[in-house]
Visitor: 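Below you will find the structure I want to go over with you.
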Protein chains: 2
Amino acid sequence: MPKQAEKVRRAPLSRDRILRAAVALADETGIESLSMRNLAQDLGVVPMALYKHVANKDELVDGMIDVVVAEIDPPEAGDWKHAIRRRILSARQVLLRHPWAALAIESRNTATPAVLAYLDSTVEALRAGGFSTDLAHHVMHAMGSRVLGFSQELFDTSRQAGRSGATVPEPPADLPPEMAARFPNLAAIATAASHDGDSVVGPGCDDQFEFEFALDLLLDGIERLHRDGWTSHRTL
Amino acid sequence: MPKQAEKVRRAPLSRDRILRAAVALADETGIESLSMRNLAQDLGVVPMALYKHVANKDELVDGMIDVVVAEIDPPEAGDWKHAIRRRILSARQVLLRHPWAALAIESRNTATPAVLAYLDSTVEALRAGGFSTDLAHHVMHAMGSRVLGFSQELFDTSRQAGRSGATVPEPPADLPPEMAARFPNLAAIATAASHDGDSVVGPGCDDQFEFEFALDLLLDGIERLHRDGWTSHRTL
DNA sequence: ACCTGAACACCGTTCAAGT
DNA sequence: ACCTGAACACCGTTCAAGT
């Protein structure tokens, strides 16, 4: 009887409960330290119990991605540019909450159903805005991962493995002296960002600004192509 | 004496020889099946021998990235737009030869020296073209990983883990029927690409076209900002 | 029939014992 | 002093033995 009671104490395992626990664990400790074994331990369960609900670790990660993508706001009504811009910025907020997700999405070789649904509704917004399927197609490629709210920042000091990066503000972004000597041009743009006179955000790059800068650069270019009736047939 | 001879038969280990073997192994079998142990076996050496030349696996991968980045053509002379465009397309060719490299670069939390040098020379080209450090800075962020020749193709069917993707041409890209029903807009753009009347490339997406489409969209937008004397101070 | 512990085939890396 | 085999602390997953 006490044995029975102990067993019943925990909510029964379910795919959903496993995925939620996995997302929480990856958020806290980073995805590289998420293992079937310590996920099971977190759930108070023997490792093999997970395999009743997920086929293997790859399928677990797929499920985790779907949980994250489901957090993105549904599309708004209104003109295509505004709707897509808002949705992408929402996606960005979601991915900031789950720093492991961008890399996880990229490392899958096939998109998950939730990602496909997200992409589909984005194409839908373009077509509703009068885009030809031709232009919509190229636009989707051009947006790349940015459509899902992330871009790989090649010199992003904040993307520390594991840590839930968004929380800790950047320290002053000046390059250490020996780096500045080797890479004078990087030093110049880093310094420009740090000591930008009327910048309210303080030292370091304002990631939100950079993201919106790139996003609007793309959206403005796309709008121009759309307005001009761009076609891929023998044009470029 | 024969023992001695056997030992001498293989070229002596060196960091360079290790890195080259690791790149070759990753190119052939994918980076997920690259281990210290089977790299050592490839080199006819005991695993621990590698640790004389690389501190650990992370440093090995950093070294591999530097080998790849070194294959990118040096910058050409000429106007900034042409020079940067050519260099990025060269980077793309290099990354196509090493399909594992893009993800490896992204998953590092700090850029390697060779990557920094590459970025630095790109900034140099912008500044030589008359860009303010301010604009050059935002431009680098906007280019994101595209500056290194890759973009994450979220619905790229060719990015199979392991296989050296560039070799095998795409099969017809129509979505399977049950996918087409669930994601009608994706089906529409996929079909548009497949059955594009005067397309020479045949079925499927022409990845090179898509990459250049996005690259030129960005470069044209950047040129426009540059020409108009764009500044971040209270503009956006 | 269901569940699960032990086992298998791997990892990266430490360390002490061998030369 | 150098090199390296065995060992350690992990993996994901299989499988047969237990209930």
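Chain identifiers are assigned alphabetically (A, B, ...) following the order of the sequence lines, protein sequences preceding nucleic acid strands; residue numbering begins at 1 within each chain.
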Visitor: Side chains of B:Thr112 and B:Asp66: any donor to acceptor distance under 3.5 Å?
Guide: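 Note: B:Asp66 and B:Thr112 side chains meet the donor-acceptor criterion.
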
Visitor: Looking at A:Arg20, I'd like to know if its CZ atom is crowded, meaning that more than 12 non-hydrogen atoms belonging to other residues, nucleotides or ligands lie closer than 6.0 Å.
Guide: no

Visitor: Ring centres under 6.0 Å, that's the criterion: do B:His141 and A:Phe209 meet it?
Guide: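 Not close enough - the centres of the two rings lie 6.0 Å or further apart.
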
Visitor: Quick one: are B:Trp100 and B:Glu32 in side-chain contact, heavy atoms under 4.5 Å?
Guide: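 They are not in contact (no side-chain heavy atoms under 4.5 Å apart), so the answer is no.
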
Visitor: Inspect the surroundings of CD in B:Gln41 and state if more than 12 heavy atoms from other residues, nucleotides or ligands are less than 6.0 Å away.
Guide: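 Count not over threshold, so no.
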
Visitor: Give each protein N/O atom lying under 3.5 Å from an N/O atom of nucleotides 11-13 of chain D, with the pair distance.
Guide:
unit_1	atom_1	unit_2	atom_2	d
D:dC11	OP1	A:Ser35	OG	3.3
D:dG12	OP1	A:Met36	N	3.1
D:dG12	OP1	A:Lys57	NZ	3.1
D:dG12	OP2	A:Met36	N	3.1
D:dG12	N7	A:Arg37	NH1	2.3
D:dG12	O6	A:Arg37	NH1	3.0
D:dG12	O6	A:Arg37	NH2	3.4
D:dT13	OP2	A:Tyr51	OH	2.9
D:dT13	OP2	A:Lys57	N	3.0

Visitor: Could you state the CG-P distance from A:Leu43 to C:dT4, rounded to the nearest angstrom?
Guide: 13 Å

Visitor: Which stems does DNA chain C form, counting runs of 3 or more consecutive Watson-Crick or G-U wobble pairs with both distances under 3.5 Å?
Guide: C:4-8 with D:12-16, C:12-16 with D:4-8

Visitor: Any side-chain heavy atom of B:Leu217 within less than 4.5 Å of one from A:Val139?
Guide: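 No, every pair of side-chain atoms sits at 4.5 Å or beyond.
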
Visitor: Determine all donor-acceptor pairs shorter than 3.5 Å in which one atom belongs to a side chain in residues 54-61 of chain B; sequence neighbours excluded.
Guide:
unit_1	atom_1	unit_2	atom_2	d
B:Asn56	OD1	B:Asp58	N	3.3
B:Asn56	OD1	B:Glu59	N	3.0
B:Lys57	NZ	B:Leu34	O	2.9
B:Glu59	OE1	B:Arg15	NH1	2.8
B:Glu59	OE1	B:Ala55	N	3.4

Visitor: Distance check needed: D:dC2 P versus B:His53 NE2, whole Å only.
Guide: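 The answer, rounded to whole Å, is 13 Å.
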
Visitor: Please tell me if A:Lys52 has a side-chain N or O lying less than 4.0 Å from either OP1 or OP2 of C:dC2.
Guide: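 So the side chain of A:Lys52 is outside the cut-off, no N or O lying under 4.0 Å from OP1 or OP2 of C:dC2.
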
Visitor: Could you work out the separation of C:dC8 and D:dG18 based on their P atoms and round it to a whole Å?
Guide: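 Roughly 16 Å separates the two P atoms.
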
Visitor: Can you find a heavy atom in the side chain of B:Leu96 that is under 4.5 Å from one in the side chain of B:Asp207?
Guide: no

